[in-house]
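The block underneath contains the structure these notes are about, expressed in structure tokens.
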Amino acid sequence: MKSAVETLNPTRVRLTVEVPFEELKDSLDAAYKKINQQVTVKGFRKGKIPARVIDQRFGRGAVLEEAVNDALPKFYTEAVNEAEINPLGQPEVDITELKDGETLNFTAEVDIRPVIEIPDYSGIEVTVDAVEVTDEDVDKAVEELRERFASTTPVERAAEDGDIVTLDLEAKVEGEVLEDGVATAVPYTIGSGELLDGIDDAVKGLEAGGEATFTSQLKGGSAEGKDAEVTVKVTAVAKRELPELDDDFAQLASEFDTLDELKADSRKRLGSMKQYDQATQAQERVLEELLKITEVPIPEKLLADEINTRKHNLEHHQLGQMGIDLAKYLEIQGKTEEEFTTETEEAAVKGIKTQFILDELVSKEKLNVNQEELTEHLMRRASSSGMSPDQFAQAVVEGNQVPMLVGEVARGKALALVVESAKVTDTNGEAVDLDDDEDEAAETTEATAAEAGDAAEAEAEAKDDKGAKGEDKPEA
């Protein structure tokens with residue numbers, strides 16, 4: 001077999017392949033055997049029909065077609081390996097010449113991973129938010145904890161801001177009570193804004209047994225978006241009582257004996273959270289700079305597939321679980337369809353570029369992933385998915401997603417190399433050392449790399465594997 005490769009553009013090539021007819025012998029034998037098992041000819045036992053009879057009865061052309069379709073994946077893979085290219089997706093194959101007993105010639109056009117030159121990234125400089133925990137931050141955290149331990153006490157007075165009232169509701173549109181417009185015993189905190197516009201003014205000042213009517217635009221249900229006449233009846237009023245901020249509260253709400261100890265722990269936890277956010281911010285900004293200085297051609301079909309995958313996942317998975325369609329989602333987001341399409345394309349381009357760049361760094365720096373690193377990453381992914389490590393590991397194995405996880409860890413290590421060489425300062429002008437917590441750094445780099453390139457990786461790797469193994473056979 002002879003093959004030659006022609007570069008059509010930085011992300012697409014054409015392979016020209018010439019196959020001597022004798023190399024089709026095994027496929028021809030297999031074609032005759034397959035046809036033998038599928039047909040019957042009077043006078044011959046099944047499976048024992050001579051080749052010349054098959055040619056006479058069913059045509060030599062049918063045998064050749066079966067043989068070529070069987071042989072093409074092998075010849076294509078040999079040509080790919082000989083050309084040392086990394087194909088993305090299935091090739092477009094064209095049989096240019098097929099002479100019985102002489103030769104088989106074909107061409108195969110296919111997208112490839114582009115050759116990427118990684119520039120010197122040691123000069124990357126980024127600025128991130130400083131880690132500062134103020135007294136106001138601590139007070140807010142303690143107050144939120146205090147809110148969780150609030151109690152309610154029934155009162156016999158008019159409802160006020162902050163009270164918890166129990167309501168019966170009835171909504172009418174054009175004088176008709178809606179089938180889904182009646183609700184009873186609905187708890188509501190006055191001032192929370194969690195129900196209908198205008199309900200706070202309607203219930204404030206009412207005692208248990210009081211009712212009022214007001215007009216409001218419905219936020220959901222069968223008449224969503226329409227103005228309704230809403231009758232609300234208060235059946236109970238209760239006031240919220242917050243515990244005193246003292247040592248007794250600290251003992252009730254935590255393992256600490258004093259309020260000062262509780263506040264000190266809150267300050268420490270807030271500091272750790274802000275350090276994590278700072279590390280994530282640093283990695284995201286370093287990645288943005290790396291993307292800016294690296295030239296990456298994008299295969300058009302891969303980009304189109306990635307955009308379609310992102311749209312499909314949003315519409316049929318995320319929005320489906322929320323019970324809304326794309327039009328409603330865009331309305332909530334305040335975006336036009338054109339803006340949504342543009343943002344989706346930009347995200348897809350970023351994901352593909354990130355994958356290609358970090359994969360190139362993995363190869364260039366010869367980065368490997370050991371079992372311990374893979375296990376730690378699996379544990380983190382399981383935690384974020386809400387599954388147990390065993391459940392997540394089983395799902396990964398059954399879905400043949402182990403290579404994807406290995407890729408995430410490897411790309412995380414590649415991004416960590418770039419971050420380590422970058423100059424990171426905070427808004428106070430202080431140098432930021434991201435090596436203080438190696439586990440935290442590993443987690444954030446892997447998460448950043450996975451978020452930017454996960455979908456593109458799954459798409460590209462799946463297609464790579466099929467192309468190499470011949471699972472989706474290119475046919476004449």
Side-chain angles (χ1 to χ4, degrees), residues 2-17 73 75-94 96 106-124 286-310 341-367 403-404 407 410-411 414-415 417-418 449 452-470 472 474:
K2 297 179 181 179
S3 66
V5 60
E6 175 187 358
T7 300
L8 303 178
N9 61 50
T11 62
R12 194 167 180 82
V13 298
R14 179 190 292 122
L15 295 167
T16 301
V17 184
F75 296 138
Y76 167 72
T77 300
E78 289 179 8
V80 164
N81 293 336
E82 185 176 304
E84 297 182 343
I85 59 174
N86 294 307
L88 295 172
Q90 292 305 302
E92 295 179 5
V93 176
D94 180 29
T96 56
F106 69 91
T107 62
E109 289 190 17
V110 67
D111 286 336
I112 61 169
R113 287 178 179 248
V115 176
I116 300 173
E117 293 293 331
I118 303 295
D120 180 12
Y121 49 78
S122 61
I124 290 178
V286 168
L287 177 59
E288 290 288 350
E289 293 301 313
L290 181 62
L291 292 174
K292 287 179 184 178
I293 64 174
T294 309
E295 190 71 29
V296 182
I298 304 294
E300 291 183 8
K301 188 175 186 306
L302 179 61
L303 176 58
D305 289 344
E306 178 64 9
I307 291 172
N308 290 334
T309 297
R310 288 172 181 259
T341 299
T342 298
E343 290 180 3
T344 303
E345 181 174 348
E346 290 173 349
V349 168
K350 180 180 178 181
I352 294 171
K353 288 183 67 174
T354 297
Q355 179 210 347
F356 285 169
I357 292 172
L358 296 184
D359 282 350
E360 181 63 28
L361 276 169
V362 169
S363 176
K364 179 180 178 181
E365 301 295 339
K366 296 180 173 57
L367 300 177
M404 185 187 74
R411 285 191 293 277
L415 180 56
L417 279 181
V418 182
D454 189 29
E457 163 67 11
E459 179 84 6
E461 287 299 328
K463 292 178 178 178
D464 262 341
D465 288 346
K466 287 182 180 179
K469 297 175 185 176
D472 286 348

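In terms of heavy atoms, L361 sits closest to A414 at CB-CB, 3.8 Å. Taking both residues in full, the closest heavy atoms of G89 and V110 are given as O-CG2, 3.7 Å, listed atom of the first, atom of the second, then distance. In terms of heavy atoms, A348 sits closest to E306 at CB-CG, 3.6 Å. Residues M404 and R411 come closest through the heavy atom pair O-NH2, 4.5 Å. Across all their heavy atoms, I357 and I116 have their closest contact at N-CD1, 4.2 Å.
Evaluation of the salt bridge (Lys or Arg N to Asp or Glu O under 4.0 Å) rule for K366 yields no partner, not counting sequence neighbours. For E365, there are no side chain to side chain donor-acceptor pair (under 3.5 Å) partners two or more places apart in sequence or in a different chain. In terms of the salt bridge (Lys or Arg N to Asp or Glu O under 4.0 Å) criterion, E300 has no residue partners (sequence neighbours excluded). Under the side-chain contact (heavy atoms from CB on, under 4.5 Å) criterion, E345 pairs with L303, I307, V349, not counting sequence neighbours. Not counting sequence neighbours, the partners of T96 by the side-chain contact (heavy atoms from CB on, under 4.5 Å) test are D94, N105, T107. Under the salt bridge (Lys or Arg N to Asp or Glu O under 4.0 Å) criterion, E92 pairs with R12, not counting sequence neighbours. Take N308 and apply the side-chain contact (heavy atoms from CB on, under 4.5 Å) test, not counting sequence neighbours, and it matches no residue. Listed by chain and number, the residues in a side-chain contact (heavy atoms from CB on, under 4.5 Å) with E343 are K335 (sequence neighbours excluded). With sequence neighbours left out, E288 forms a side chain to side chain donor-acceptor pair (under 3.5 Å) with K350.
Side-chain contact check for D359 versus R113: some heavy-atom pair is nearer than 4.5 Å. Side-chain atoms of F106 and P91, non-hydrogen and from C-beta on, never get closer than 4.5 Å to each other. Taking 4.5 Å as the limit, some side-chain heavy atom of I124 sits within range of a side-chain heavy atom of V418.
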Which side-chain N or O atoms in residues 78-85 pair as donor and acceptor under 3.5 Å with protein atoms at least two apart or in another chain?
unit_1, atom_1, unit_2, atom_2, d
N81, ND2, T77, O, 3.3
E82, OE2, S3, OG, 2.8

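Expressed to the nearest 0.5 Å, how far OG1 of T11 lies from CD1 of I298 amounts to 8.5 Å. Once rounded to the nearest 0.5 Å, the distance linking CZ of F356 with CG of N86 reads 9.5 Å. Taking CG of L287 as the reference point, atom CG of L415 lies at 5.5 Å (rounded to 0.5 Å). For the atom pair CD1 of I352 and CG of L302, the computed distance is 4.0 Å after rounding to the nearest 0.5 Å. Going from atom OH of Y121 over to atom OG1 of T294 covers 10.5 Å, rounded to the nearest 0.5 Å. Note that CD1 of I118 and CG of L290 are 6.5 Å apart. Values are rounded to the nearest 0.5 Å.
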